[in-house]
Amino acid sequence: MDAWKDFDFAKTAIKPAQIQPLYLEDLKLLRGVVFGRHGRIFKDAEIKAYLEAQSWFKPNPDFNNSMLNNTERRSLDLIRTSRSE
């Protein structure tokens, strides 16, 4: 997951080849990172603990999916698709 900490999800879409080697647990955390950049608070204990350990994470109780841009949405769609395969 360290490789994704500095990835700019808002400007750069994830490519399938970049996430193909990731395990399901890593994909779950990666999804959390994309949302976490906007402060989404997760109920899932693993995602929540991971995000809270990141210095950049600022919980936002007013998070809304509309805060995501199209690039982030495309990346999340790819992550979701990869998790379901």
Side-chain angles (χ1 to χ4, degrees):
M1 286 303 301
D2 288 338
W4 295 100
K5 285 184 181 180
D6 296 323
F7 192 85
D8 189 349
F9 296 98
K11 293 182 182 177
T12 307
I14 297 172
K15 294 176 179 68
Q18 290 175 287
I19 63 171
Q20 183 182 21
L22 297 179
Y23 294 105
L24 283 176
E25 287 301 314
D26 290 335
L27 289 169
K28 180 171 87 169
L29 292 179
L30 185 59
R31 179 178 161 268
V33 170
V34 177
F35 280 115
R37 294 283 181 189
H38 295 278
R40 178 178 170 186
I41 300 167
F42 281 84
K43 292 180 184 175
D44 180 284
E46 291 175 66
I47 297 173
K48 184 177 180 178
Y50 180 80
L51 290 176
E52 289 175 348
Q54 307 309 309
S55 61
W56 51 261
F57 180 65
K58 306 289 184 255
N60 179 2
D62 297 322
F63 170 81
N64 190 301
N65 282 343
S66 65
M67 295 174 169
L68 302 168
N69 68 27
N70 287 335
T71 304
E72 291 164 317
R73 286 187 190 99
R74 281 192 300 274
S75 292
L76 285 167
D77 287 344
L78 181 61
I79 293 167
R80 285 186 192 107
T81 302
S82 295
R83 287 182 65 198
S84 65
E85 291 178 357

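Values below: every heavy atom of this structure, side chains too, minus hydrogens, waters and symmetry copies. By convention here, the first residue in the shown sequence is residue 1.
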Co-membership, hydrophobic cluster, residues Val34 and Trp56, 4.5 Å side-chain: yes
Do Met67 and Ile41 belong together in a cluster built from hydrophobic side chains that touch within less than 4.5 Å? no
**Heavy-atom side-chain contact between Phe9 and Leu68 under 4.5 Å** = no
Hey, does Leu30 have a side-chain heavy atom less than 4.5 Å from the side chain of Phe7? no
Rounded to the nearest 0.5 Å, what separation is found between the [atom1] atom of [X] and the [atom2] atom of [Y]?
X: Leu27; Y: Gln20; atom1: CG; atom2: CD; result: 11.0 Å
X: Phe63; Y: Arg37; atom1: CZ; atom2: CZ; result: 13.5 Å
X: His38; Y: Lys58; atom1: NE2; atom2: NZ; result: 15.0 Å

All heavy atoms of Leu78 vs all of Ile19, minimum pair found to be CG-CD1, 3.7 Å
Residues Ile14 and Ser75: closest non-hydrogen pair is N-OG, 3.0 Å
Query raised in the report: Where do Leu51 and Phe35 land on the side-chain contact (heavy atoms from CB on, under 4.5 Å) test, with the steps shown first?
Result: CA-CA 10 Å; Leu51 290 176; Phe35 280 115; over 6 Å; no
Stepwise, does the salt bridge (charged side-chain N to carboxylate O under 4.0 Å, His left out) test hold for Arg74 with Asp77?
CA-CA 5 Å; Arg74 281 192 300 274; Asp77 287 344; over 6 Å; no
Between Asn69 and Glu72, is there a donor-acceptor pair closer than 3.5 Å when you use the side chain of the first and the backbone of the second? yes
Contacts satisfying salt bridge (Lys or Arg N to Asp or Glu O under 4.0 Å) that involve residues 43-55 (not counting sequence neighbours) are Lys28-Asp44, Lys28-Glu46
Those residues at least two apart in sequence (or on a different chain) that pass side chain to side chain donor-acceptor pair (under 3.5 Å) with Lys5 are Asp2
**Asked** So does Asp6 have more than 12 non-hydrogen atoms from other groups sitting under 6.0 Å from CG?
**Response** no
Residues passing the side-chain contact (heavy atoms from CB on, under 4.5 Å) test with Leu29, sequence neighbours excluded, are Met1, Ile47, Tyr50
